[in-house]
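Below you'll find the structure, written out as structure tokens, and then a few comments.
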Amino acid sequence: MRDFSTEELDRYSRHILLGDVGVEGQEKLLAARVLIVGAGGLGCPAALYLAAAGVGKIGIVDNDVVEISNLQRQIAHFTDDIGRSKVESARDKMRQINPGLDIETYQLFLEAANIREIIRDYDFVIDGTDNFPTKFLVNDACVMENIPLSHGGILRFDGQTMTIVPGQSSCYRCSFRSPPPPDAVPTCSQAGVLGAIAGMLGTIQAAEALKFITGAGSLLTNTLLTFNAKTMAFRKINLKKQDDCPVCGKKPTITELVDAEQTTCDLK
Amino acid sequence: MTETMKAAAKKDCRGVSCPMNMVYTKVGLSKLTTGDVLEVLLDDGPPINNVPGSVQREGHEILSKHQLEDGSWQLMIRKGVVKK
Ligand SMILES: [Zn+2]
């Protein structure tokens, strides 16, 4: 049993008081390692809440620098951060919330050649990426490395998320076989997005990570949660793990990662 | 009754207000095994009015509760089965 300092007991008191988290759950959080892919609209709120929760090691991956058009929704980046690397900007905010954490920054593009090695050091991955090829890459790599994952996506007024426990629940590819052709989806920067829904969805992803680590409640596994902010209608769609899934099925045809063509998009 | 009750650990939460007295009580309980007894000292007023109920809601048993000479309360708690 870990000995909490008085400061830690104060800081985490609302978790410790919570029946399904408690002292044991907070210990698990402090020992947990979560990787956030993307320091954008989804990754920013997720990073802030995971840091606030005391997740002991947080990794964050992004190759971009902060631009003024990001500030409408990427809530960890401030006006003074324009021009700085997103991972450093997000790291500084996490440290200001909770100085005791181990935060690892990866200023790089995730690709077939580096992703498995990076995610291997983590217990849970939050996918906050902005493009389909990378979402499939993160899904496939997590299945191969057997690392649980929260998928998330937002566009316009809509959000969707699902939690994947490889080997146990439906993966992203079970339901969405392959990235849509580049011209089938509007370029995200042209489609626009309501800024606050990035916070709604990224925060749901953070909550899933905290639930996975502490064992509280039940996860969004085999479930696609969607919402539309115009009507505030939330919907849960049941999903099934597919035996013929090309990556997690009985006879996988995807056994090695390959880089797909990137369709650029700055909407996160 | 209290003479025969052997506390495995003690938490003095006098001067500690809500909800931190419950936090310290939970920390004390987390270090014990099911069936062990924790003795907690609590201030009169909100602490003694709130902590016993919270402890029971988490599945532990209040064995006794009595007021001491200084006005504070001694609470004897038997640790219940740990809920997941
Ligand atoms: Zn699958």
Side-chain angles (χ1 to χ4, degrees), chain A residues 1-32 34 49 51-56 97-101 123-124 148 163 165 168-169 206-223, chain B residues 6-43 45-63 65 72-73 75-84:
Chain A
M1 163 105 2
R2 185 180 201 285
D3 273 314
F4 285 89
S5 68
T6 310
E7 192 199 300
E8 286 176 319
L9 291 177
D10 281 331
R11 181 184 284 274
Y12 304 119
S13 58
R14 271 33 172 203
H15 272 164
I16 292 170
L17 288 165
L18 200 54
D20 288 321
V21 178
V23 181
E24 294 80 5
Q26 190 59 49
E27 282 189 315
K28 288 178 187 164
L29 291 171
L30 288 160
V34 176
Y49 273 108
V55 170
I97 291 173
N98 199 342
L101 310 175
D123 307 310
F124 192 91
T163 300
V165 180
Q168 292 176 39
S169 75
E208 286 289 288
L210 300 182
K211 285 163 55 195
F212 172 80
I213 295 161
T214 58
S218 55
L219 299 167
L220 284 173
T221 43
N222 290 323
T223 307
Chain B
K6 189 94 175 74
K10 180 173 173 173
K11 281 275 170 186
D12 186 349
C13 293
R14 288 176 297 184
V16 181
S17 54
C18 300
M20 287 308 292
N21 44 24
M22 183 60 191
V23 171
Y24 291 129
T25 301
K26 287 190 75 167
V27 170
L29 286 165
S30 76
K31 296 187 175 173
L32 304 182
T33 49
T34 299
D36 281 351
V37 175
L38 177 72
E39 176 184 353
V40 180
L41 300 182
L42 293 164
D43 285 340
I48 192 60
N49 292 333
N50 288 311
V51 172
S54 301
V55 165
Q56 282 175 317
R57 270 191 294 279
E58 300 230 332
H60 310 292
E61 187 189 350
I62 306 295
L63 297 173
K65 178 172 111 171
S72 67
W73 291 78
L75 192 66
M76 302 299 269
I77 305 165
R78 190 192 301 282
K79 180 167 174 165
V81 179
V82 184
K83 285 198 293 182
K84 199 200 78 74

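We name chains A, B, ... by the order of the sequence lines, and we start the count at 1 in each one.
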(message) Using the side-chain contact (heavy atoms from CB on, under 4.5 Å) definition, which of the options B:L29, B:V27, B:V23 pairs with A:V23?
(response) B:V27

(message) Counting only non-hydrogen atoms closer than 4.5 Å, can you tell me which residues of residues 14-21 of chain B sit against chain A?
(response)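 Hits under 4.5 Å: B:P19, B:M20.
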
(request) Select all residues of residues 46-56 of chain B having any heavy atom within less than 4.5 Å of some heavy atom of chain A, and report them by number, or 'none'. (result)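 Interface residues of residues 46-56 of chain B: none, nothing closer than 4.5 Å to chain A.
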
(request) Before giving the answer on side-chain contact (heavy atoms from CB on, under 4.5 Å), spell out for B:E58 and A:L17 the whole-Å C-alpha distance, their side-chain angles and the decisive distance to 0.1 Å. (result) CA-CA 10 Å; B:E58 300 230 332; A:L17 288 165; over 6 Å; no

(message) Counting only heavy atoms from other residues, nucleotides and ligands, does the tally under 6.0 Å from CZ of A:F212 exceed 12?
(response)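 Atom CZ in A:F212 is packed in, count exceeds 12.
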
(request) Answer whether the closest heavy-atom distance between the side chains of B:K26 and A:L18 falls below 4.5 Å. (result) no

(request) Evaluate the side-chain proximity of A:T6 to B:Y24: yes if any heavy-atom separation is below 4.5 Å, no if none is. (result)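 A side-chain contact under 4.5 Å exists here.
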
